[in-house]
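Structure first, then comments.
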Amino acid sequence: MNRVTFRRRLTGENTPALARFLLGKYLVRRVNGRTISSMITEVEAYDGREDKASHAHRGKTKRNKVMFGPSGRWYVYLVYGMHYMVNVVTGPVDYPAAILIRGVLAVNGPGRVARHFHVGSGMNDKPINRSSGFYILDRGTRIRKASIYQGRRIGVQYAGRKWAGKPLRFFITEGIDG
DNA sequence: ACAAGGATACCT
DNA sequence: GGTATCCTTGTC
């Protein structure tokens with residue numbers, strides 16, 4: 001996936017479709033003279049203000065304003081006072097949407113993902129490209145549709161039955177040959 | 001089962 | 001300024 005293709009997908013496709021598309025792509029981090037890389041295995045889509053599970057549901061705030069900005073940037077925030085969540089901002093400007101990266105190969109849980117890649121609030125609003133030292137690569141791994149689980153998102157029960165039950169979480173269940 | 005932990009959002 | 005809540009994890 002070249003840079004232009006990636007950017008077009010971030011803006012052009014709907015966020016749930018893009019979330020699934022990100023499975024099998026590689027997260028790459030260059031920090032302190034070394035490179036950390038791993039395949040994305042689990043993601044969640046947060047799509048628009050209507051989504052009651054999304055930070056954006058209550059409108060634009062200091063924290064979530066990055067979601068309302070241009071796609072192709074990182075949205076990083078702190079939860080529970082100790083864990084950073086790594087999200088890919090998607091959609092057009094003023095349409096708040098993002099994809100939470102919940103897991104990469106051998107690293108399960110969104111808080112662990114951020115720690116693994118040495119990502120904190122400093123990466124918030126930074127571009128997803130080489131200049132920021134944190135980006136996404138397509139290494140040609142194909143994920144069969146039959147190998148993708150689609151189900152409800154985690155930790156959003158407060159959003160109510162309708163939104164908490166939406167099948168907006170995707171993860172690879174088998175057939176990983178990266 | 002539950003504490004840790006600090007920012008955030010939404011009150012007064 | 002107070003406080004309930006939070007897109008979680010590790011240890012109990």
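Hydrogens, waters and symmetry mates play no part in the numbers below; they use all other heavy atoms, side chains included. Naming convention: chains lettered A, B, ... in sequence-line order (proteins, then strands); numbering from 1 in each chain.
If you take NZ of A:K60 and C1' of B:dT8, they are 17 Å apart, rounded to a whole angstrom. Taking atom CZ of A:R63 as the reference point, atom C1' of B:dG6 lies 12 Å away to the nearest angstrom. Between the CG atom of A:N87 and the P atom of C:dC7 there is a distance of 11 Å, rounded to whole Å. To the nearest angstrom, P of B:dT8 lies 7 Å from NZ of A:K62. The distance between atom NZ of A:K65 and atom P of B:dA9, rounded to the nearest whole Å, is 11 Å. Across the protein-nucleic acid pair, A:Y77 atom OH and B:dG5 atom C1' stand 16 Å apart, rounded to whole Å. Residue A:L100 contributes atom CG, which lies 13 Å from atom C1' of C:dC6 at whole-angstrom precision. One can place CD of A:Q157 at 15 Å from C1' of C:dT8, the figure rounded to the nearest angstrom.
A:M82 comes within contact range of at least one nucleobase, with a heavy-atom separation under 4.0 Å. Here A:R169 lies out of heavy-atom contact (under 4.0 Å) with every strand. A:R153 comes within 4.0 angstrom of no nucleic acid atom, judged by non-hydrogen atoms across all strands.
Picking from C:dG10, B:dA9, B:dG5 the nucleotide with the shortest atom distance to the side chain of A:Y80 gives B:dG5. Nearest nucleotide to the side chain of A:L78, out of B:dA9, C:dT8, B:dG6: B:dG6. Comparing C:dC7, B:dA9, C:dT8 by their nearest atom to the side chain of A:I154 picks out C:dT8. Each of C:dC6, B:dA9, C:dG10 was ranked by its minimum atom distance to the side chain of A:Y158; first place goes to C:dC6.
Just one residue in the list A:V119, A:D125, A:V88 forms a side-chain contact (heavy atoms from CB on, under 4.5 Å) with A:W74, and that residue is A:V88.
Within the 4.0 Å cut-off from OP1 or OP2 of B:dG5, not a single side-chain nitrogen or oxygen of A:H83 is found. Between A:R102 and C:dT8, a side-chain N or O to OP1/OP2 separation shorter than 4.0 Å is present. A:R115 has a side-chain polar atom (N or O) that falls below the 4.0 Å cut-off from OP1 or OP2 of C:dG10.
In the model, A:R139 has a side-chain atom that pairs as donor or acceptor with a side-chain atom of A:S37 under 3.5 Å. A side-chain donor-acceptor contact under 3.5 Å links A:Y95 and A:D47.
Aromatic ring centres of A:F134 and A:F117 lie closer together than 6.0 Å.
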Dot-bracket notation for DNA chain C, counting Watson-Crick and G-U pairs under 3.5 Å, with | for partners on another strand: ||||||.||||.
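A salt bridge is defined here as a Lys NZ or Arg NE, NH1 or NH2 lying under 4.0 Å from an Asp or Glu carboxylate O, and A:R153 with A:D51 meets this definition.
Checked by atom type and distance alone, the side chain of A:R169 never pairs as donor or acceptor with a backbone atom of A:V43 at under 3.5 Å. With hydrogens and angles ignored, the 3.5 Å screen pairs no side-chain donor or acceptor of A:Y26 with any backbone N or O of A:D138.
Rounded to the nearest 0.5 Å, atoms CD (A:E44) and CD1 (A:I101) are 11.5 Å apart.
Using a 5.5 Å limit on the distance between ring centres and a 30° limit on the angle between planes, the aromatic ring of A:Y46 counts as stacked on the six-membered base ring of C:dC7.
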